[in-house]
Number of protein chains: 2
Amino acid sequence: MKKGKRISDAVIRRLPKYYRYLGDLISSDINRISSSELSKLTGFTASQIRQDLNNFGGFGQQGYGYDTKRLHVEIGKILGLDKKYKVIIVGAGNIGQAIANYAGFYEEGFEVLALFDKNPKLIGLKIRDIEIKDVDDLAAFIKRNEVEFGVICTPKETSQDMADILTENGIKALWNFAPLDIKVPEHVSIEDVRLNESLYTLTYYYSRNNENTEE
Amino acid sequence: MKKGKRISDAVIRRLPKYYRYLGDLISSDINRISSSELSKLTGFTASQIRQDLNNFGGFGQQGYGYDTKRLHVEIGKILGLDKKYKVIIVGAGNIGQAIANYAGFYEEGFEVLALFDKNPKLIGLKIRDIEIKDVDDLAAFIKRNEVEFGVICTPKETSQDMADILTENGIKALWNFAPLDIKVPEHVSIEDVRLNESLYTLTYYYSRNNENTEE
DNA sequence: TAGATTGTTAATCGATTAACAATC
DNA sequence: TAGATTGTTAATCGATTAACAATC
């Protein structure tokens, strides 16, 4: 990729959508697409799509468009999806289990080594062959297995403590489902999934759409 | 609120964060806060916070700041959280169950009337006193109960069909967890929770942070 | 070659930040 | 009153869109 230019978060967050549609196109045996066709699929403008992609290199060809397979591979590389990741999930409630169960997670190279919980009723159970372990063994397990990715699915109250244990033992990326802003050291990447905030945004637009029709 | 001004999506998506921190402050018996203190909590600039709030009215007081309780109530109203909503969840897998189980959902006025699934093993079971019903009864149930909100937790393949049934029977807001862009009629509000896209953004930043240290 | 479509620069638009008068 | 902090206008910054030359 080009040196020196800072790429904005807005651009990065559009890449996974390109990646997904390109995957769909490949599944449909379509091996070529123009920025204007991709615009119709994604809802982004053709100009924006070309701008976005050219942050990382010239993947297209004048007069032709983009090769879907090549572009899918390239965006995958940019997003880091060409590598395998060792993952643990902390909190084996519904959300933790949902993630452990999600097949797409494996297909993109995320290998869930274990779930952790403090509930004795859950410890020892298996989700998709993945054992639920005692949260007391967390630190040792991370070090021993050189785990890189952690998913936080614990309640709000304990999530920061769990995150601290994870980062202190070498985890470098956290995917957080607890409804709070987790603090991490500078070298650790974090992505907060803000379900509450997503829901409240929906109620806002719903209320706005229906404010004249309510009795 | 002020008439005529179009409020950007970026502003709306910051409101839930204010709302959350204000709730925390109230729980800590703090009843006053300035934009600069709120800035430290949220990470947004004080100027931006004042701008955001003034889109909806002058909730503060010069020389004093904002009354946490009042601001919490006002933002709640803006987001539509002062009302109750009748909700159904389609798909009673892990994610559907997680949402049905999430207590915060009820506290903010979301009443889950039922879950729906096509799996006979799940039909008839209860999650937190909420029955899992046969997806065949979906249309009739929505009409009979005047359900307003639908949560889509079905697999990618069936999600658009489910969404169509919901909107055809009068549901006006969809919270979608399936990894695709669901199409809805204009008058329906939709919020897609894009977990894949969130995860891939994390891998991007993780890869970027660690690209020099990898062997 | 002619047509199509990219890559890229320039123009526009909108969002964020800064500044400060108003006022509690 | 003096100090603090909002509400709001103006300035800046960044992101999106438009335009078109390059080129396959």
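Keep in mind it's a predicted model, so treat the numbers as computed, not measured. First the proteins, then the strands, lettered A, B, ... as listed; each starts at 1.
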- Query: Is the shortest distance from a Lys or Arg side-chain nitrogen in K17(A) or D181(B) to a carboxylate oxygen in the other one below 4.0 Å?
  - Reply: yes

- CD of Q48(B) versus P of dC13(D): gap in Å, rounded? 16 Å

- Query: Counting only side-chain N and O atoms of S35(B), is one of them less than 4.0 Å from OP1 or OP2 of dT5(D)?
  - Reply: no

- Look at the side-chain N and O atoms of T45(B) and state whether any lies under 4.0 Å from the OP1 or OP2 oxygen of dT16(C). no

- Does the pair K69(A)/E74(A) count as a salt bridge with the N-to-O cut at 4.0 Å? no

- Task: Test for a donor-acceptor pair under 3.5 Å between the base of dA15(D) and the side chain of S8(A), counting only N and O atoms.
- Result: no

- Note on the structure: Between CD1 of I7(A) and C1' of dA15(D) the distance, given in whole Å, is 14 Å

- Task: Write down the distance between CZ (F59(B)) and C1' (dT6(D)), rounded to a whole number of angstrom.
- Result: 13 Å

- Message: Less than 4.0 angstrom between a side-chain N/O of Y66(A) and OP1 or OP2 of dG7(C), yes or no?
- Response: yes

- When you check the gap from the basic side-chain N to the acidic O, do K83(A) and E108(A) get nearer than 4.0 Å? no

- Item | Proximity to the side chain of Q51(B) - top-ranked nucleotide from dA18(C), dG7(C), dG7(D) | dA18(C)

- Query: Are any of Q61(B)'s side-chain N or O atoms less than 4.0 Å away from OP1 or OP2 of dC24(C)?
  - Reply: no

- Among the nucleotides dT6(D), dT17(D), dA22(D), whichever has the atom closest to the side chain of Q62(A) is dA22(D)

- Carboxylate-amine/guanidinium contact E197(A) R20(B), below 4.0 Å: yes

- Map S47(A) and G63(A) onto DNA chain D by nearest heavy atom, then report which one ends up closer to the 5' terminus. S47(A)

- Query: Rounded to whole angstroms, how far apart are CG on N55(B) and C1' on dT9(D)?
  - Reply: 14 Å

- Message: Just the rounded figure in Å: distance from P of dG14(C) to CG of D9(B).
- Response: 14 Å

- Item | From dT17(D), dG7(C), dT5(D), nucleotide with atom closest to S34(B) side chain | dT5(D)

- Would you mind classifying the nucleic acid contact of F44(B) as base, sugar-phosphate or nothing, using non-hydrogen atoms under 4.0 angstrom? nothing

- How about N54(A) and F59(A): do any of their side-chain heavy atoms sit closer than 4.5 Å? no

- Options dT8(C), dT5(D), dT23(D), nucleotide nearest the side-chain atoms of R50(A): dT8(C)

- Message: Measuring to OP1 and OP2 of dT16(C), would you say a side-chain N or O of R14(B) lies under 4.0 angstrom away?
- Response: yes

